[in-house]
Amino acid sequence: MFTFTNDCLIGISEIDEEHKKLFELITKIDTAVKSNDDPISNAMLLINELKQYTVTHFAHEEAYMERINDPELKRQKKEHAAFIEKINSYSYADVTSASAKTIIVELLEYLSKWLMGHILGSDILIGQ
């Protein structure tokens, strides 16, 4: 479910590598939440890492698009902002309850589906 596949390659190595890293972080969060070793705390640490890395990646992607005068930049910025808003809407307080694993799994499903759809629907255009 959280696997980066070759159809996600857009042909720009820096962006492709960053997309791979995003999927790796999502996979690490999934693994952490399924472990028996303090899964919620470990998952939340990784979610914070994912938040930070996402901001960095979006900045790199938008800078690249700006350099090539990509006409999709404005739309991409809106999509990126919506993603960041969604991931920032989850806090440690939200997931310390008995339903914490369910909340994190739902977040992971959203993130992975959004990321896959965004790469295949929007980012793929950057490489063309």
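Each residue takes its place number in the sequence, starting with 1.
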Inset, instruction - Check the pair D70 / Y64 against side-chain contact (heavy atoms from CB on, under 4.5 Å), numbers first and verdict last. - result: CA-CA 9 Å; D70 192 312; Y64 179 84; over 6 Å; no

Legend entry - From CA spacing to verdict: side-chain contact (heavy atoms from CB on, under 4.5 Å), N88, I84: CA-CA 6 Å; N88 283 336; I84 290 169; 3.2 Å; yes

Look up atom [atom1] in [X] and atom [atom2] in [Y], then write down how far apart they are to the nearest 0.5 Å.
X   : Y    : atom1 : atom2 : answer
I87 : T54  : CD1   : OG1   : 5.0 Å
I68 : I126 : CD1   : CD1   : 7.0 Å
M65 : I12  : CE    : CD1   : 9.0 Å
L73 : K78  : CG    : NZ    : 11.5 Å
F83 : Y110 : CZ    : OH    : 6.5 Å

Inset, instruction - Please report the closest heavy-atom contact between I124 and L9, naming both atoms and the distance. - result: CD1-O, 3.5 Å

Inset, instruction - Search all heavy atoms of C8 against all heavy atoms of I119 and return the closest pair with its distance. - result: O-CG2, 3.3 Å

Those residues that, when tested against [X], pass side chain to side chain contact (heavy atoms under 4.5 Å, CB included) (two or more places apart):
X    : answer
E106 : T102
D7   : T5, L120
N48  : K51
S122 : R75, Q76, E79, H118

Inset, instruction - Go through the structure and list residues passing salt bridge (Lys or Arg N to Asp or Glu O under 4.0 Å) with K86, not counting sequence neighbours. - result: none

Inset, instruction - For side-chain contact (heavy atoms from CB on, under 4.5 Å), just list the numbers for L46 and E49, CA-CA rounded to whole Å, side-chain angles, deciding distance to a tenth of an Å, and then say yes or no. - result: CA-CA 5 Å; L46 289 164; E49 182 180 347; 3.6 Å; yes

Could you pull out every donor-acceptor pair under 3.5 Å between side chains of residues 18-25 and any protein atom, sequence neighbours left out?
from	atom 1	to	atom 2	distance (Å)
E18	OE1	H57	ND1	2.7
E18	OE1	H60	ND1	3.4
E18	OE2	H60	ND1	2.5
H19	NE2	H57	NE2	3.2
H19	NE2	E61	OE2	3.2
H19	NE2	D123	OD2	2.9
K20	NZ	E17	OE2	3.3

Inset, instruction - For atom CD of E66, decide whether the heavy atoms of other residues, nucleotides or ligands shown that lie under 6.0 angstrom number more than 12. - result: no

Legend entry - Co-membership, hydrophobic cluster, residues I104 and L45, 4.5 Å side-chain: no

Legend entry - From I47, L50, D30, residue fulfilling side chain to side chain contact (heavy atoms under 4.5 Å, CB included) relative to L108: D30

Inset, instruction - Answer yes or no: is there a donor N or O on one side and an acceptor on the other, between the side chain of D16 and the main chain of G11, under 3.5 Å? - result: yes

